Amino acid sequence: MEDKRIIKIWVQIVLAGVLMGTPFLLLAYEPSTTHKALTQEMIVLFNHYHPDHVLSIKEKGLVMQGSVDEDTGLRPMHHFYDPVNNKGITVGGEWLHAKAWAEDTLAQAAWDPLFQEKLYGNILGYFSSDTDFSWDRAIYEYAWGDKERGLKTLGHILHLIEDMAVPDHTRDDPHPPYADSVFHQASSYEHWADKWNTDTFALAGALILNHHVPLYCVSLGSCFDSMANYSNNNFFSKDTILKDYSSPIISFKKSEQLSDGIIRSFGYFQNNNGETHRVVRIEKKAGQVEILYSIEDKDNLILNDYWTYLSRQAVLHGAGGIKLFFDEVEKERQSKLLYEKNRSWLAK
């Protein structure tokens, strides 16, 4: 089954290359709608709790643009992180996972053909590649260089945190969206979440009203671990229902009548915080022994539960990530560690 899954994915990649000219587009949330909307709410929540460092409308736009731009070219291949097995996507080999990608300046710089020909660290500065949107680059640019680029780069980082709120991306389960009518492999959760945009999604106000504060991480890596583990441990992806991972489990079952009048059985999961949500639909056809499981249902009750909890955690983690960014900028201004790292051989 695993071999068939890999073959199916590669067929989709090839088709994508022929039809779209972009061979490896394995996106999570839609960049121009869902990612942009999540980033907007992160900033709103951050601004509320940090009135001494409110991002202006222009600055907000720069960060949001960066969150859209991260899904360019081959970059999405680095948007997966399985925190249980500490690995990235394993299609055609293992790709650098999102947690490492976010902080690996040289890995990101390597996509720049011009950077390949430079004498790194000698003639030009460490932070000189046009394809580098790493965490250190964001801090360096905001502290010493181009503040606008620094904010856009922060948006790239927030995009990666948002992808950790997609179970497919934390359970090594890629779902290319192409030719789904034939292969039926696209992620139902990601497709359903595409409907949210900056006009239809407004979560920060409710979080503030209910006294939810940003999740403050001690480091960027711990922020990735926290979000990825929450996504991996509490939700299924399309091809990992009750397999590959020990959690989630079905804590209890409940029958519910859907809008078509049919009564369906749903499996619920209760997490360590005592929260419960629908995690899977259970179906056993008459005369058959096999029990079928799915994260889809006619009224999208399961997907709605997934989005409710995952989007909330994404916004809380992202707002905390913004605070961490500005804290690190202040530390850099005092230590000048990245400033010294960037100095060229001639300057030295």
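All of these numbers come straight from a predicted model, not from anything done at the bench. Quick note: numbers below take in every heavy atom, side chains included, and nothing from hydrogens, waters or symmetry partners.
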- Message: Please determine whether residues V280 and L292 belong to a single hydrophobic cluster, defined as Ile, Leu, Val, Met, Phe, Trp and Tyr linked transitively by side-chain heavy-atom distances below 4.5 Å.
- Response: no

- Please list, chain by chain and in numerical order, all residues satisfying salt bridge (charged side-chain N to carboxylate O under 4.0 Å, His left out) with K152, sequence neighbours excluded. none

- So, does Y189 use its side chain to make a donor-acceptor pair with the main chain of I302 at under 3.5 Å? no

- Sub-3.5 Å donor-acceptor pair from the side chain of R171 to the main-chain atoms of T240, do we have one? yes

- Between S226 and H317, is any side-chain donor less than 3.5 angstrom from a side-chain acceptor? yes

- Item | Pairwise salt bridge (charged side-chain N to carboxylate O under 4.0 Å, His left out) hits with a residue in residues 40-55, at least two apart | none

- Message: Tell me whether the rings of W101 and W111 are parallel (<30°), tilted (30 to 60°) or perpendicular (>60°).
- Response: perpendicular

- What do the steps show when you test Y140 against N342 for side-chain hydrogen bond (donor to acceptor under 3.5 Å, both in side chains), and what is the final call? CA-CA 9 Å; Y140 171 81; N342 188 65; 2.9 Å; yes

- For the hydrophobic clusters of this structure (ILVMFWY residues joined by side-chain heavy atoms under 4.5 Å, transitively), does one cluster hold both Y293 and L258? yes

- Query: How far apart are the C-alpha atoms of S294 and R281, what are their side-chain angles, what is the distance that settles it, and do they pass the side chain to side chain contact (heavy atoms under 4.5 Å, CB included) test?
  - Reply: CA-CA 5 Å; S294 175; R281 178 172 63 82; 3.8 Å; yes

- Message: Is it the case that the ring center of F224 lies less than 6.0 angstrom away from the ring center of W135?
- Response: no

- Message: With a 4.5 Å cut-off on side-chain heavy-atom distances among I, L, V, M, F, W and Y, is there a chain of contacts connecting L151 to V44?
- Response: no

- Quick one: list whatever passes salt bridge (charged side-chain N to carboxylate O under 4.0 Å, His left out) with K336, sequence neighbours left out. none

- Return the orientation label for the F326 and F46 ring planes: parallel under 30°, perpendicular over 60°, tilted otherwise. parallel

- Given D163 and H35, is the side-chain hydrogen bond (donor to acceptor under 3.5 Å, both in side chains) satisfied, shown in steps? CA-CA 9 Å; D163 276 354; H35 272 295; 3.1 Å; yes

- Got a sec, which residues hit ring pair (Phe, Tyr, Trp, His ring centres under 6.0 Å) with Y339, two or more places apart in sequence or on another chain? W144

- Task: Please test Y230 against Y309 for ring-ring contact (aromatic ring centres under 6.0 Å, His included), starting from the C-alpha separation and ending with a verdict.
- Result: CA-CA 10 Å; Y230 180 83; Y309 287 98; 7.5 Å; no

- Judged by modelled atom types alone, do Q108 and S129 share a side-chain donor-acceptor pair under 3.5 Å? no

- Message: For the CD atom on Q334, are there more than 12 heavy atoms of other groups (residues, nucleotides or ligands in this structure) within a distance under 6.0 Å?
- Response: no

- Message: Run the salt bridge (charged side-chain N to carboxylate O under 4.0 Å, His left out) test against E70 and tell me which residues pass, sequence neighbours left out.
- Response: R75

- Hydrophobic cluster membership, L209 vs L203, 4.5 Å side-chain cutoff: no

- Query: Any sub-3.5 Å donor-acceptor pair from S247's side-chain atoms to N233's backbone N or O?
  - Reply: yes

- Message: What I'd like to find out is whether the side chain of L316 reaches to under 4.5 Å of the side chain of L45, using heavy atoms alone.
- Response: yes

- Query: Looking at residues at least two apart in the chain, or sitting in another chain, which of them share a salt bridge (charged side-chain N to carboxylate O under 4.0 Å, His left out) with K195?
  - Reply: none

- Which residue pairs pass the side-chain hydrogen bond (donor to acceptor under 3.5 Å, both in side chains) test with at least one member in residues 207-216, sequence neighbours excluded? H50-Y216

- Query: H277 vs Y306 aromatic rings, parallel, tilted or perpendicular, using cut-offs 30° and 60°?
  - Reply: perpendicular

- Task: Report yes or no: does H159 contribute a side-chain atom to a donor-acceptor pair with the main-chain N or O of S67 at less than 3.5 Å?
- Result: yes

- Task: Any salt bridge (charged side-chain N to carboxylate O under 4.0 Å, His left out) involving residues 210-232? Give me the pairs, sequence neighbours left out, ordered by first then second residue.
- Result: K99-D225

- Message: Check this for me: does any side-chain nitrogen of one of D172 and K87 sit under 4.0 Å from a carboxylate oxygen of the other?
- Response: yes

- Qualifying salt bridge (charged side-chain N to carboxylate O under 4.0 Å, His left out) pairs with a residue from residues 258-272, counting only residues at least two apart or across chains: R264-E283

- Task: Could you list who else is in V218's hydrophobic cluster, with ILVMFWY side chains joined at under 4.5 Å, directly or through other members?
- Result: none

- Message: Other members of the hydrophobic cluster containing V84, with the 4.5 Å side-chain heavy-atom rule, please.
- Response: Y245

- Quick one: do F201 and I43 end up in the same hydrophobic cluster if we chain Ile, Leu, Val, Met, Phe, Trp and Tyr together by side-chain heavy atoms under 4.5 Å apart? yes

- Going through the checks in order, is the side-chain hydrogen bond (donor to acceptor under 3.5 Å, both in side chains) test met by S134 and D132? CA-CA 6 Å; S134 62; D132 172 26; 2.8 Å; yes

- Task: Could you pull out all residues at least two apart from H156 that satisfy ring pair (Phe, Tyr, Trp, His ring centres under 6.0 Å)?
- Result: F133

